[in-house]
Amino acid sequence: MAKKNIFTDSFGNIYILKRVIIFILGVVSYRRFNGFNKLKITGTENLSDLPDSNVLFVSNHQTYFADVAAMYHAFCAVNNGYHNTIKNPVYLLNPKVDFYYVAAEETMNKGILARIFKIAGAITVKRTWRAEGKNVNRMVDLSEIENIMKALDNGWVITFPQGTTSAFAQGRKGTAKLIKNQRPTVIPIKINGFRRAFDKKGLKIKVTGVKPTMEFKPVLDIDYDNESATEILDKIMHAIEQTPEHNILHDYDTKLKETKTQE
């Protein structure tokens, strides 16, 4: 598999360009997470001793871009010694560049901003069950799996096992199969409140005064030899709190509508 060098990442993207893009996007988005809405981050101590590569973060997903942008802030802060805070944006001058995220191809090909986000570290995949708002049934593109493995070989990767911003959607077994084969260090992330604070794309502020949360949990204990993909997926979904017993805690839109109705 391809390897990064001092000038480019494992996909040939120029590091200097990535640094500039991450810096600009970080500056533009900073007040969204430490101004209009105060992002509360916990658990970054679980990132302190992680290896430089083959680390997979698994998270629930609430907006197209705000979730990932907030994660960039958190990772860059930790990369510069700031834990559980993004109050000192000087960390944007020294971003973590070997960080990638898995995103739907159709999302990342819409508009200039999405394409800029793509350069920052997107690994695009075609969803096998959904395309352009319609249900589909197509085979997994093995080259896309190879790209995720390439990114893991050279850095950290964030993936959203549900493959959608819909709360409590079923997890996709492909993530668990990748984990079983690649054996990465797996860190669950639970996010909260992004759907209420931002629009679906995560580009517009919907409500101010919200305190979105991002919790980095301890490394997931996985028996790669003996646990099945189904068992691994169950562990992931429980860790990111997307199993049925957590449902009552996350129905933000319903609560917001009820509040507006009462008013």
Side-chain angles (χ1 to χ4, degrees), residues 29 32-33 37 39-44 46-47 55-75 84 86 99-104 107-108 117 121-123 125 127-130 148 156-179 184-203 206-207 210-222 229-256:
S29 63
R32 294 168 178 263
F33 305 118
N37 295 297
L39 176 65
K40 181 180 179 182
I41 304 172
T42 57
T44 58
N46 294 313
L47 311 184
V55 177
L56 183 69
F57 295 86
V58 291
S59 177
N60 60 315
H61 198 23
Q62 295 189 339
T63 70
Y64 292 165
F65 300 115
D67 309 4
V68 174
M71 290 173 191
Y72 265 103
H73 278 281
F75 286 123
N84 297 327
I86 58 169
F99 169 64
Y100 308 89
Y101 61 96
V102 180
T107 300
M108 302 311 297
F117 265 103
I123 307 168
V125 298
R127 288 181 291 193
T128 58
W129 69 97
R130 191 80 172 167
I148 298 174
W156 293 0
V157 176
I158 173 73
T159 188
F160 305 97
Q162 293 164 290
T164 176
T165 57
S166 299
F168 305 101
Q170 71 178 58
R172 298 290 165 176
K173 198 176 290 187
T175 298
K177 290 179 178 178
L178 175 69
I179 290 171
T185 299
V186 179
I187 299 282
I189 306 174
K190 184 195 76 173
I191 64 170
N192 215 340
F194 284 79
R195 184 179 293 110
R196 184 181 177 192
F198 305 100
D199 68 346
K200 186 174 182 178
K201 289 185 177 180
L203 300 177
K206 188 165 64 175
V207 180
V210 177
K211 294 183 178 180
T213 62
M214 181 176 295
E215 179 184 359
F216 294 89
K217 297 192 175 184
V219 174
L220 203 61
D221 182 18
I222 298 174
T230 299
E231 290 171 324
I232 293 173
L233 181 60
D234 286 344
K235 277 189 174 182
I236 290 171
M237 299 305 290
H238 182 77
I240 64 176
E241 300 188 15
Q242 290 295 295
T243 49
E245 64 265 30
H246 296 104
N247 198 339
I248 194 171
L249 301 178
H250 294 274
D251 201 355
Y252 309 116
D253 289 335
T254 299
K255 289 181 181 179
L256 186 60

Checklist entry - Can you tell me if Thr42 and Asn84 form a side-chain donor-acceptor pair at under 3.5 Å? => result no
Checklist entry - Between CG of Leu233 and CE of Met237, what distance do you get to the nearest 0.5 Å? => result 6.0 Å
Checklist entry - Short question: side chain of Arg32, backbone of Leu203 - any donor-acceptor pair under 3.5 Å? => result yes
Item to check | Test item: Asn37 side-chain N/O and Val210 main-chain N/O as donor-acceptor pair under 3.5 Å | outcome: yes
Item to check | Test side-chain hydrogen bond (donor to acceptor under 3.5 Å, both in side chains) applied to Lys177 - qualifying residues, sequence neighbours left out | outcome: none
Next on the checklist: Set out, in order, the CA-CA distance, both residues' side-chain angles and the distance that settles side chain to side chain contact (heavy atoms under 4.5 Å, CB included) for Met214 and Phe194, then state yes or no.
Outcome noted: CA-CA 9 Å; Met214 181 176 295; Phe194 284 79; 4.0 Å; yes
Item to check | Shortest non-hydrogen contact between Pro161 and Thr175, atoms and distance | outcome: CA-OG1, 3.7 Å
Checklist entry - Do Val55 and Val157 come within less than 4.5 Å of each other through their side chains, counting heavy atoms only? => result no
Next on the checklist: For a 4.5 angstrom cut-off between non-hydrogen side-chain atoms, does Pro188 reach His238?
Outcome noted: no
Checklist entry - Less than 4.5 Å apart, any side-chain heavy atom of Thr243 and any of Glu241? => result no
Checklist entry - Does the side chain of Val102 come within less than 4.5 Å of Ile148's, by heavy atoms? => result yes
Checklist entry - Thr63 and Lys200: side-chain donor and acceptor closer than 3.5 Å? => result no
Checklist outcome for this item: So CG of Leu39 and OG of Ser29: to nearest 0.5 Å the spacing works out to 10.5 Å
Next on the checklist: With rounding to the nearest 0.5 angstrom, report the CD1 to NE2 distance, Ile240 to His246.
Outcome noted: 10.5 Å
Item to check | Thr164 side chain to His61 side chain, donor-acceptor N/O pair below 3.5 angstrom | outcome: no
Next on the checklist: Do Gln162 and Gln242 pair up side chain to side chain, a donor and an acceptor below 3.5 Å, judged on atom types alone?
Outcome noted: yes
Item to check | Worked check of side chain to side chain contact (heavy atoms under 4.5 Å, CB included) between Tyr72 and Ile86 | outcome: CA-CA 10 Å; Tyr72 265 103; Ile86 58 169; over 6 Å; no
Checklist outcome for this item: Closest non-hydrogen contact found for Ile41 with Ala74 is CD1-CB, 4.0 Å
Checklist entry - Where do Ile236 and Ile179 land on the side chain to side chain contact (heavy atoms under 4.5 Å, CB included) test, with the steps shown first? => result CA-CA 11 Å; Ile236 290 171; Ile179 290 171; 3.4 Å; yes
Checklist entry - When the aromatic ring centroids of Trp156 and Tyr100 are compared, is their separation below 6.0 Å? => result no
Checklist entry - Should Phe160 and Asn60 be marked as a side chain to side chain contact (heavy atoms under 4.5 Å, CB included) after you check the CA-CA gap, both sets of side-chain angles, and the distance that decides it? => result CA-CA 6 Å; Phe160 305 97; Asn60 60 315; over 6 Å; no
Item to check | Side-chain heavy-atom pair Thr165, Tyr64 within 4.5 angstrom cut-off | outcome: yes
Next on the checklist: To the nearest 0.5 Å, what is the distance between CZ on Phe216 and CZ on Phe57?
Outcome noted: 6.5 Å
Checklist entry - Side chains of Glu215 and Lys40: does their closest heavy-atom pair fall under 4.5 Å? => result no
Checklist outcome for this item: Gly202 and Ala66 have their tightest heavy-atom pair at O-CB, 3.6 Å
Next on the checklist: Quick check for you: to the nearest 0.5 Å, what is the distance between Thr185 atom OG1 and Leu47 atom CG?
Outcome noted: 11.5 Å
Checklist outcome for this item: Here the pair of heavy atoms bringing Arg195 nearest to Ser166 is NH2-C, 4.1 Å
Checklist entry - When you measure from the side chain of Asn247 to the backbone N and O of Pro244, does any donor-acceptor pair fall under 3.5 Å? => result no
Checklist entry - Got a second to check how far Asp67's CG is from Ile189's CD1, nearest 0.5 Å? => result 10.0 Å
Item to check | Ring centroid separation Phe33 to Phe198 under 6.0 Å | outcome: yes
Checklist entry - Do other residues, nucleotides or ligands put more than 12 heavy atoms under 6.0 Å from Lys217 NZ? => result yes
Checklist entry - Given side chains that start at C-beta, do those of Ile191 and Thr213 come closer than 4.5 Å, heavy atoms only? => result no
Item to check | Side chains of Val186 and Val219 in contact at under 4.5 Å (non-hydrogen atoms) | outcome: no
Checklist outcome for this item: In short, Lys235 meets Ile222 closest at the heavy-atom pair NZ-CA, 4.2 Å
